[in-house]
Amino acid sequence: MTETVAEPLGKAIDDYLAWAVVHAFKPGSGSPRTYRIKLNMYAKEFGPDTPVREISGQDWMKTCGMYWGKKEAETYNSGRRAAISFLRFCRDNEPPLTLAEPPRLWTPRPVTRRRDQALPQAAVVGMLDPQRFPLRERSLWSTLYDSSERLSGVLSLDIERIVWEQNYGSVRVKGGDTRYIAWTPYTGKLLREYVGERRWGPVWLGERTPWNSKDKPPEDMGPPVDNLLAPRDDRPAKRLYRLTAHRARVVYTELTGLRRPHRIRHTRLNSLGSQQGVNGPMLKAIGGHLTEEMLRRYAEPSPEQVAQFMAHVGSLMDG
């Protein structure tokens, strides 16, 4: 019979995350933070000093249901993925840390996706109101809309990679590739106003120090901030870091009352796809990795456009 090591759960989680950052997670993704949060919830339930080998697969499944069973399917599935990936790491360790297998009944919950995820155009216009929203958020949301890029890609934009005169720049997109995104002169003005005198580093900076700031690469660091409370302190000046996708989503929901800023991308692509003169290749170049099925979907009129059309043509009782 295979011998297992009595390694504490807390240490095994730290070892797993250190390995996964290098070998499993895509560069720039939010998976390390998400998995750490999920696995720390498991550790809270089981106890960080409990040996991994004493926790059965059934225990992992029950705990996942206890914490996220009543949450959205994507949240539950994320907790399941984190546990299964961690268990696989522990079983593959030499010598193994556990022999526990995920129960066969522990299947992912089906995710119901809305076909149309676009926002009303009026809602997007309202997001650019300077009386209601900060400059950082307005410049970010306007760039999201113009470029039709995913949030993680837009947040990877660096100041030195912007061609200011032509209103475009290069970003790191899903999968680690690099591609160019473009925006309108209006968004360009917002970006210039927000960036100010900075000449390098991330465009959008977070107001909080990331939990994994020690692991952040130099390109994710912004300029140092003077310590106004203790100007004579000899400690190194505090630094700002690139705004994370998680924090950007939280702020978006807090300020607008809406969820998923990814819907801004759908809004723009739906608007472009229904316009005459915007062909498939152009839409694909703007939206990035779009399949033929998605191109056809974005070419369909949105519910808002259908409603506007019906108001234009009138009813039987008009006239």
Side-chain angles (χ1 to χ4, degrees), residues 4-69 71-103 106 108 150-153 155-156 172-176 202 206 208-221 239-250:
T4 58
V5 179
E7 183 165 313
L9 176 59
K11 182 179 184 305
I13 289 175
D14 290 339
D15 292 343
Y16 162 75
L17 291 171
W19 169 86
V21 165
V22 178
H23 300 284
F25 300 139
K26 294 179 179 179
S29 74
S31 298
R33 182 182 189 280
T34 300
Y35 275 39
R36 180 178 290 276
I37 291 174
K38 295 294 193 294
L39 292 174
N40 282 344
M41 295 296 286
Y42 286 111
K44 179 181 178 181
E45 175 64 21
F46 299 135
D49 297 326
T50 301
V52 182
R53 67 185 184 184
E54 295 182 6
I55 308 169
S56 69
Q58 195 75 13
D59 292 334
W60 287 94
M61 183 179 72
K62 289 181 179 179
T63 301
C64 183
M66 179 182 70
Y67 279 118
W68 304 293
K71 302 291 185 180
E72 293 183 357
E74 291 180 348
T75 303
Y76 175 86
N77 293 342
S78 176
R80 173 183 173 273
R81 285 194 302 270
I84 290 177
S85 179
F86 172 71
L87 286 175
R88 185 181 300 117
F89 168 83
C90 292
R91 291 196 307 273
D92 291 344
N93 191 74
E94 296 181 1
L97 308 183
T98 184
L99 299 179
E101 294 273 359
W106 196 9
R150 296 173 178 85
L151 177 62
S152 59
L155 288 175
S156 74
R172 298 186 302 275
V173 297
K174 188 176 181 180
R208 299 182 179 182
T209 301
W211 64 270
N212 59 342
S213 58
K214 293 182 179 179
D215 301 325
K216 290 289 185 181
E219 56 267 26
D220 277 354
M221 296 181 185
R239 302 192 74 92
L240 295 177
Y241 291 82
R242 188 186 307 275
L243 179 66
T244 64
H246 173 77
R247 184 61 188 162
R249 294 187 189 99
V250 170

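Bear in mind the structure is a predicted one, so any value in this text is a computation, not a measurement.
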Asks: Which heavy atom in Pro103 sits nearest to a heavy atom in Gly57, and how many Å separate them?
Replies: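 Reported closest heavy-atom pair: CD-O, 3.4 Å.
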Asks: Applying side-chain contact (heavy atoms from CB on, under 4.5 Å), can you list everything that pairs with Glu101, at least two apart in sequence or on another chain?
Replies: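 Here the qualifying residues are Arg91.
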Asks: If you compare all heavy atoms of Ala83 against all heavy atoms of Trp106, which two are closest, and at what distance to 0.1 Å?
Replies: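 In this case the closest contact between Ala83 and Trp106 is CB-CH2, 3.6 Å.
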Asks: I want to check something: taking the side chain as every heavy atom from C-beta on, are Leu9 and Phe86 in contact at a cut-off of under 4.5 Å?
Replies: yes
Asks: Applying side-chain hydrogen bond (donor to acceptor under 3.5 Å, both in side chains), which residue pairs with at least one partner in residues 8-20 are found, sequence neighbours left out?
Replies: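 Listed by first then second residue: Lys11-Asp15, Tyr16-Ser85.
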Asks: From Asp59 CG over to Met66 CE, what is the distance, rounded to the nearest 0.5 angstrom?
Replies: 10.5 Å
Asks: Would you indicate whether the side-chain heavy atoms of Met61 and Gln58 approach each other to under 4.5 Å?
Replies: yes
Asks: Can you see which heavy atom on Leu17 is nearest to which on Pro32, and at what distance?
Replies: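 For Leu17 versus Pro32, the nearest heavy atoms are CD2-O, 4.2 Å.
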Asks: State, yes or no, whether a side-chain contact exists between Ile55 and Thr98 at a heavy-atom distance under 4.5 Å.
Replies: no
Asks: Within the structure provided, determine whether Leu243 and Pro202 are in side-chain contact (heavy-atom separation under 4.5 Å).
Replies: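 Counting from C-beta outward, Leu243 and Pro202 never come under 4.5 Å.
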Asks: How close do Glu7 and Leu97 get, heavy atom to heavy atom, and via which atoms?
Replies: OE1-CD2, 3.8 Å
Asks: Taking the six-membered ring for Trp, are Trp68 and Tyr42 ring centroids under 6.0 Å apart?
Replies: yes
Asks: Are the side chain of Arg80 and the backbone of Cys64 linked by a donor-acceptor contact shorter than 3.5 Å?
Replies: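 Here the side-chain-to-backbone pair does not exist.
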Asks: Would you indicate whether the side-chain heavy atoms of Lys44 and Tyr67 approach each other to under 4.5 Å?
Replies: yes
Asks: Does Ser78 use its side chain to pair, donor to acceptor, with the backbone of Glu74 at less than 3.5 Å?
Replies: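 Not confirmed, Ser78 side chain does not pair with Glu74 backbone.
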